[in-house]
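Mind looking over this structure? Questions follow.
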Amino acid sequence: MNKKIIKKIASATLCVCLFTSMASVNIFAQSPVFDFTIPKFSSKAPYIVSNGIAYNFIKEPGNVSLGEVSVGNNQNITFSDVSIPNVITVKGKSYAVTKIEDGAFSGNTVIETLSFGKSVQEITAAAFLNCPSLKEINVSSESPYFKSENGVLYDISFKTLIKYPDSKEDSSYTVNSQTNKIADYAFFGSDSIKDISMPVNLYEIGKYAFADCSSVELIKMGVNVKEIGDYAFYKSGIKIMTLSPSITSIGKGAFAFSDISKIDLPTNLEEIKEGAFYNCENLKELKFGDNLKTIGDYAFTNIKVTSLKFTDKINSIGKYAFANCKNLKTITLNDILSTINDGAFSNCSSIKTIDLPKSLNELGKDVFIGCVSLDTFTAKRGNPKGYTVENGILYNKNVTTLIQYPPSNISSVYTLPSSLSEIEDNALNDCKYINEFELNSSGRYFSIEDGILYDYHMTKLIKYPLGKGGSDFTVPDTVTEIASGAFKHSDISGIINLPSSLSKIGKFAFEDCPNISSFNTNNNNYFTTEDSVLYSKDKTELIQFPVKSFLTNFIVPDTVTKIHSGALSGVKLKSIQLNENLEEIDDYAFENAKIAEIILPESLRKIGEFSFSNTIITQIAFPSSIEKIGDYAFENCSDLKIIKFTSKNPPEIGNNAFLGCDNLASIKLMAEAKNSKNTYVENLASLNIDNADNYISLENN
């Protein structure tokens, strides 16, 4: 297997055969929202093999007419030069070859030249997806349907460029001057071409047209292109592009994961669809056109721009549209903006202030969560239509709900307005300067004790101030619930004494509290402790391991069947031994843990989202019992070198489960998994384990 072919393996799983069954796999690195639809190919039609090529019967011959056959999908061609005849003869009957099926030669690593005659009426680029050795496609000069120009396949009029061969070695290419459409998948996977010139007449670029073209850097686009299809330049090497001034829409994922560093969006552009520039980590300059109205979900997640100015017609910003833009410092919102959806600016950690327009009427959840440098909201043009800014803090219109407290507001005391009756989830996250809460004298919805925020009857501990610190804290005996994230990121140290009245602890209640050394449950009916670790009363659920525990080696008790979300996040144990009854490891359970080795028991069925992300695990063996591995479960495990699956059939593997495992060297399967090896390859490659086939080996128990 040569280097070029190895490089193509991951792409092979993207488009393998006929669109008779479909599988959806998420291609985006942070958010499981976009589905990259992968064609699967299968055929149950009667077929015949002639000269090494398998044909499907389409129509039987008539009295004076030929029958018809197609070149079927999943051809097992072992010779480099393939010539498809006009007619084949089967048992004395003649059949014209009128179609080459989608997926006919997909994934073939041997074919270099393919020729076909005048009888073929139907063919698309999907017939040749991931043919890394294919150099030219030739068509009979008598064909009334197709033409070939220097080995490149067009329709008869040159109006559509159908397929540019993957292994064509030209570094530059000029599309025929008559062409007005680049077909779906036309250049997909080509890794020799560097620059492409398009004709003036071109008006459409199809979906996936230049996807996975790793070497392409420059495309000279004609002035009349109106539409860029979904994923057109996904994961391409394109760095700089001047878009046609005629473009009105950029498709879903069109430039996602590409190398593009600068792009000026044209004046006529009205819509940027979902994930269009998702994870373009080199994109540092961005200028919106004057007619842009809609920015789709995740459109610019994780890019490197430092400032944004929203032009006058933009009235909606999609979910997570600019999430994780950590270099973004300044935002200028226009005067007609009505809606900012969930998480639109989440984790934009460099933003210090945001001036909200009067037109703003709807904010989604967690729009500004993770904006840790944000110190004030302003409303210089007057309070937004649906919200109120008071003392730099964002509330709903009637100041009955706290929407977001700026995390870097330096006030050490937060005095809750008397009208406040509700606090949105995460509204007080990362507020590191608050060391106590206070109530307005007329406040009647909350209680404060020792600067800690509770509900009115002190049955729910809502938030322990991050700046408070303190040691050996005793939760009041009126408290029956500790809210989600109540102590999250707190510097509180020592022992946490939980009252006998406590019956509920929210998710991540004690996440990232590096100085808690122990929990004490005081004969509680719902929880118990052993060696400072917090469990459910019957010890079937491990709820929280204190990061500063005296334990250096930890054996999970035999009774435990579930490890809760974030339970061992950030721990620095020398070793941990999981028990043989454990069935579930919940989301984020071991995130950021300094654990190099862990053995998963045969009882384990489920591993949650982000459960082992950012750990230092070097190898992992999945037991035959495993049914599901969650999204991003081992994300950014850069020390992970060996993965082993002990089941003959792959478990359900979540989106990007192994994203960022850059040092992976080996994927081991049991010998009995031989028949399902290709399924493993497909699953792992489409989950961002590139070249999965190159890593996989079969071994005996």
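Side-chain atoms are counted along with the backbone in the values below, which use heavy atoms only and exclude waters and symmetry mates. All values reported here derive from a predicted model rather than from experimental measurement.
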*SG on Cys371 to CG on Asn347, rounded to 0.5 Å*: 7.0 Å
*Locate the shortest heavy-atom distance separating Ser611 from Gly608; write the atom from each residue and the value.*
OG-O, 2.8 Å
*Is it true that the side chains of Asn409 and Asp375 contain a donor and an acceptor less than 3.5 Å apart?*
no
*Carefully, step by step, assess Thr294 and Ile314 under the rule side-chain contact (heavy atoms from CB on, under 4.5 Å).*
CA-CA 6 Å; Thr294 304; Ile314 298 172; over 6 Å; no
_Nearest 0.5 angstrom please: Ile317 CD1 to Leu337 CG, how far?_
4.5 Å
*Determine yes or no for a side-chain-to-main-chain donor-acceptor pair under 3.5 angstrom, with Ser411 supplying the side chain and Val413 the backbone.*
no
*What is the ring orientation for Phe519 with Phe510, classed by angle as parallel under 30°, tilted 30 to 60°, or perpendicular over 60°?*
perpendicular
*Report yes or no: does Asn341 contribute a side-chain atom to a donor-acceptor pair with the main-chain N or O of Gly364 at less than 3.5 Å?*
no
*Report yes if some heavy atom in the side chain of Ile617 is under 4.5 Å from a heavy atom in the side chain of Cys637; otherwise report no.*
no
*Please confirm whether the backbone N or O of Glu609 pairs with a side-chain atom of Asp587, one donor and one acceptor, at under 3.5 Å?*
yes
*Do Asn579 and Asp558 have side-chain atoms, one donor and one acceptor, less than 3.5 Å apart?*
no
*Please say which of Leu604, Ile563, Ile555 ends up in a side-chain contact (heavy atoms from CB on, under 4.5 Å) with Leu578.*
Ile563
*Check whether any side-chain heavy atom of Thr540 lies under 4.5 Å from a side-chain heavy atom of Val560, and answer yes or no.*
no
*Is it true that a side-chain atom of Lys539 and a backbone atom of Glu530 form a donor plus acceptor pair closer than 3.5 Å?*
no
*What about Phe322 and Phe300, are their ring centers closer than 6.0 Å?*
yes
*Have Asn520 and Asn497 got a donor and an acceptor in their side chains that come within less than 3.5 Å?*
yes
*asked:* Just verifying a value: how many Å separate Leu453 CG and Leu461 CG, rounded to the nearest 0.5 Å?
replied: 8.0 Å
*Evaluation steps, ring-ring contact (aromatic ring centres under 6.0 Å, His included), between Phe255 and Tyr278*: CA-CA 7 Å; Phe255 292 88; Tyr278 186 95; over 10 Å; no
_side-chain hydrogen bond (donor to acceptor under 3.5 Å, both in side chains) between Asn515 and Ser493, worked out_ = CA-CA 4 Å; Asn515 296 312; Ser493 62; over 6 Å; no
*Determine, step by step, whether Leu551 and Phe545 satisfy the side-chain contact (heavy atoms from CB on, under 4.5 Å) criterion, reporting the C-alpha distance in whole Å, the side-chain angles of both residues, the deciding distance to 0.1 Å, and the verdict.*
CA-CA 10 Å; Leu551 297 174; Phe545 185 99; 4.0 Å; yes
_Aromatic ring proximity, centroids under 6.0 angstrom, Phe634 and Phe622_ = yes
_Determine whether Thr301 and Asn279 satisfy the following criterion, side-chain contact (heavy atoms from CB on, under 4.5 Å), listing intermediate values before the conclusion._
CA-CA 6 Å; Thr301 300; Asn279 209 53; over 6 Å; no
*Where do Lys488 and Asp512 land on the salt bridge (Lys or Arg N to Asp or Glu O under 4.0 Å) test, with the steps shown first?*
CA-CA 6 Å; Lys488 186 176 181 178; Asp512 194 23; over 6 Å; no
*Is the gap between the ring centers of Phe345 and Tyr320 under 6.0 Å?*
no
*Please examine the side chains of Ser518 and Ile495, heavy atoms only from C-beta on, and report whether any two atoms are closer than 4.5 Å.*
yes
*Please determine, by modelled atom types, if Asn315 and Ser338 share a side-chain donor-acceptor pair under 3.5 angstrom.*
no
*Lys463 side-chain N/O to Gly485 backbone N/O, donor-acceptor pair under 3.5 Å*: yes
*Short question: side chain of Asp342, backbone of Lys365 - any donor-acceptor pair under 3.5 Å?*
yes
*Heavy-atom distance under 4.5 Å between the side chains of Leu328 and Ser350, does that happen here?*
no
*Any sub-3.5 Å donor-acceptor pair from Asp631's side-chain atoms to Asn656's backbone N or O?*
no
*If only atom types and distance count, is the side chain of Asn522 paired as donor or acceptor with the main-chain N or O of Ser500 below 3.5 Å?*
no
*Does any donor atom in the side chain of Thr400 or Asn398 lie under 3.5 Å from an acceptor atom in the other side chain?*
no
*asked:* Determine whether Ile595 and Ile616 satisfy the following criterion, side-chain contact (heavy atoms from CB on, under 4.5 Å), listing intermediate values before the conclusion.
replied: CA-CA 6 Å; Ile595 298 173; Ile616 59 172; 5.5 Å; no
*Please tell me if the side chains of Tyr464 and Phe473 come closer than 4.5 Å, counting only heavy atoms from C-beta onward.*
yes
*Determine, step by step, whether Asp355 and Thr378 satisfy the side-chain hydrogen bond (donor to acceptor under 3.5 Å, both in side chains) criterion, reporting the C-alpha distance in whole Å, the side-chain angles of both residues, the deciding distance to 0.1 Å, and the verdict.*
CA-CA 5 Å; Asp355 186 46; Thr378 60; 2.8 Å; yes
*Are any side-chain N or O atoms of Thr415 and backbone N or O atoms of Leu439, one a donor and one an acceptor, separated by less than 3.5 Å?*
no
*asked:* Please find the pair of heavy atoms, one from Gly275 and one from Ala256, that lie closest to each other, and give the distance.
replied: O-CB, 3.6 Å
_Qualifying residue for salt bridge (charged side-chain N to carboxylate O under 4.0 Å, His left out) with Arg605, from Glu584, Glu583, Glu652_ = Glu583
*asked:* Please report the interatomic distance CG(Leu573) to CD1(Ile598), rounded to the nearest 0.5 Å.
replied: 9.5 Å
*Establish, yes or no, whether a centroid distance under 6.0 Å links the rings of Tyr456 and Phe446.*
no
*Should Ile492 and Ser471 count as side-chain neighbours, where that means a heavy-atom distance under 4.5 Å?*
no
*Under 6.0 Å between the ring centres of Phe288 and Phe310?*
yes
*Identify the heavy atoms of Ala509 and Ala483 that sit nearest to each other, and give their distance.*
CB-O, 3.8 Å
*Using the salt bridge (Lys or Arg N to Asp or Glu O under 4.0 Å) rule, take Lys358 and Asp335 through it: C-alpha gap first, then chi angles, then the decisive distance, then the call.*
CA-CA 7 Å; Lys358 290 179 66 175; Asp335 287 327; over 6 Å; no
*Nearest 0.5 Å, what's the CD1-CG distance between Ile303 and Asn327?*
9.5 Å
*Got Val571 and Asn592 here, is their nearest side-chain heavy-atom distance under 4.5 Å?*
no
*asked:* Could you tell me if Asn282 and Lys284 have a donor-acceptor pair between their side chains, going purely by distance under 3.5 Å?
replied: no
*How long is the gap from SG on Cys661 to CD on Glu635, to the nearest 0.5 Å?*
8.5 Å
_We want to know whether Glu541 and His564 form a side-chain donor-acceptor pair, criterion being a heavy-atom distance below 3.5 angstrom._
yes
*Without swapping roles, check the side chain of Asn524 against the backbone of Leu502 for a donor-acceptor pair under 3.5 Å.*
yes
*Would you say the side chain of Ser408 lies within less than 4.5 Å of the side chain of Leu374, judging by non-hydrogen atoms?*
no
*asked:* Quick test of your reading: applying ring-ring contact (aromatic ring centres under 6.0 Å, His included), list the pairs with at least one residue in residues 371-418, sequence neighbours left out, ordered by first then second residue.
replied: Phe368-Phe377, Tyr405-Tyr414
